[in-house]
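Proteins come first, then strands; the chains are lettered A, B, ... in the order of their sequence lines, and each starts at number 1.
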2 protein chains.
Amino acid sequence: MKKITFDTRNCSVSQALNVIGEWWTLLIILEAFFGTRRFSDFERHLGISKNVLTDRLQKLVAQGILARVPDPGGKRHIYKLSDKGRELFPVIATLMQWGDNWIMGKGNAPVRLLDKKTGEPIARVTVQSRQGHDLMPRDILMEAGEGHLPEFRERFGVRPGKSR
Amino acid sequence: MKKITFDTRNCSVSQALNVIGEWWTLLIILEAFFGTRRFSDFERHLGISKNVLTDRLQKLVAQGILARVPDPGGKRHIYKLSDKGRELFPVIATLMQWGDNWIMGKGNAPVRLLDKKTGEPIARVTVQSRQGHDLMPRDILMEAGEGHLPEFRERFGVRPGKSR
DNA sequence: ATATTTTAGTTGCTTCAAGCAACCTAATTT
DNA sequence: AAATTAGGTTGCTTGAAGCAACTAAAATAT
């Protein structure tokens, strides 16, 4: 009866969610992007209980998303994003933009992301073709990839020809 | 002692996660992108228990992410993505790419997303400036937006000048 | 140098949510 | 008309989240 984990599913989204999909986890990562690095700051900014925060930080460190490193100039430790963690930025940005548009509503964004160089808001993050055209879900074909299991192949198929 | 929800936090990511951040919810949305529309198909493909599936589908319908509509040519209902739901595609795509790269590893993607028109894989989804340049987290400035609360302003500040 | 406060947790208790099985009614198929 | 499937609901059990109290070490104040 243990909570079902997604790590046995043959799907990258499941695997990703298995690691960052628990309650609080993505908010902790967001806080890390905001610059938070110390246990007590995560706690205060998020209003999360200590035991849950401890659990999530440990898991994130175990996954290599955060690194627990000695605080330079002190005997404590801080948590900082690794490359693996930093590459979650597009996930955070798309979530933020979706929340801005569909929940907060126009003109109510609490945080805006600006291009440091120009001071302008960043562009809307979109899924694009190699040629740089925006693609909607209907413009996209899902196909079983190299690492698929038979079950997936049945559902999606693989085109015989050049798929690369 | 009820599980803390994120809907009172002045943050779009929190608001988004409050709606789609529960265990199973994003996988249900992913399944919907795969084309699943019926209760029993969600159940079978995901291996989720009926009561949890019922709960999540109801919440997604209540939020306007899925619509429960009569099955054309039958007396049953199907669940289909609304515009609000379809606009979660960039979130799913970034999660999938992150999972491909950091968990499954190169060459092990179970599903690939192809441009229907050309048959080529889609581009890596990146955060870009208005001019179309890729931006890393360090290239981005976070600022309190129009809908910020005082607490946020303290943390991020608002530049006095032209921020639009 | 000592005392006080803060930090970064741990432990134990309680309640809510997830997993499971059994059941049920309406629709669909045989 | 009978059997099966779809789409749930209900009740029980276990696991995870919330809360408060406690603790050792580090940082700060005296």
When we call it a touch if two heavy atoms are under 4.0 Å apart, what does [X] touch: a base, just sugar-phosphate, or nothing?
X     : result
B/R68 : sugar-phosphate
A/I4  : sugar-phosphate
A/Y79 : sugar-phosphate
A/R44 : nothing
A/K50 : base

Given atom [atom1] of [X] and atom [atom2] of [N], what is their separation to the nearest angstrom?
X     : N      : atom1 : atom2 : value
B/D71 : D/dT5  : CG    : P     : 18 Å
B/L57 : D/dG8  : CG    : C1'   : 11 Å
A/E43 : C/dT10 : CD    : P     : 13 Å
A/L46 : D/dC19 : CG    : P     : 14 Å
A/I48 : D/dG18 : CD1   : C1'   : 10 Å
B/F6  : D/dA17 : CZ    : C1'   : 11 Å
B/F39 : C/dT25 : CZ    : P     : 17 Å
B/D55 : C/dC16 : CG    : P     : 15 Å

- Message: For the backbone of A/G147 and the side chain of A/N10, can you confirm whether one donor and one acceptor N or O come within less than 3.5 Å of each other?
- Response: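 Yes, the answer is positive, given that a donor and an acceptor are paired below the 3.5 Å cut-off.
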Considering only [options], which nucleotide approaches the side chain of [X] most closely?
X     : options               : value
B/T54 : D/dA26, C/dT28, D/dT9 : D/dT9
A/R38 : C/dT7, C/dA27, D/dA17 : C/dT7
B/N51 : D/dA17, D/dT10, C/dT7 : D/dT10
A/K3  : C/dG19, C/dT7, C/dA27 : C/dG19

Side-chain ion pair, [X] and [Y], N-O less than 4.0 Å:
X      : Y      : value
B/R153 : B/E143 : no
A/E120 : A/R112 : no
A/K106 : B/E146 : no

- Could you pick out which residue, A/E22 or B/H77, lies toward the 5' side of DNA chain D when each is mapped onto its nearest nucleotide?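 The answer here is B/H77.
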Looking only at side-chain N and O atoms, does [X] come under 4.0 Å of OP1 or OP2 in [N]?
X     : N      : result
B/R56 : C/dA18 : yes
A/W24 : D/dA16 : no
A/S49 : D/dA17 : no

- Message: Using heavy-atom distances to pick each residue's nearest nucleotide on DNA chain C, tell me which of A/K2 and B/K2 is more 5'.
- Response: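 So the residue in question is B/K2.
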- Residue met sooner reading DNA chain C from 5', once A/D41 and B/K59 are mapped to nucleotides: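 Going by which nucleotide is closer to the 5' end, it is A/D41.
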- Apply the test side chain to side chain contact (heavy atoms under 4.5 Å, CB included) to residues A/L30 and B/C11: give CA-CA distance (whole Å), side-chain angles for both, the deciding distance (0.1 Å), then the verdict. CA-CA 10 Å; A/L30 171 68; B/C11 164; 3.7 Å; yes
- Taking the inter-plane angle between the rings of B/F156 and A/F34 on a 0 to 90° scale, is it parallel (under 30°), tilted (30 to 60°) or perpendicular (over 60°)?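 Rings of B/F156 and A/F34: perpendicular, as their planes differ by over 60°.
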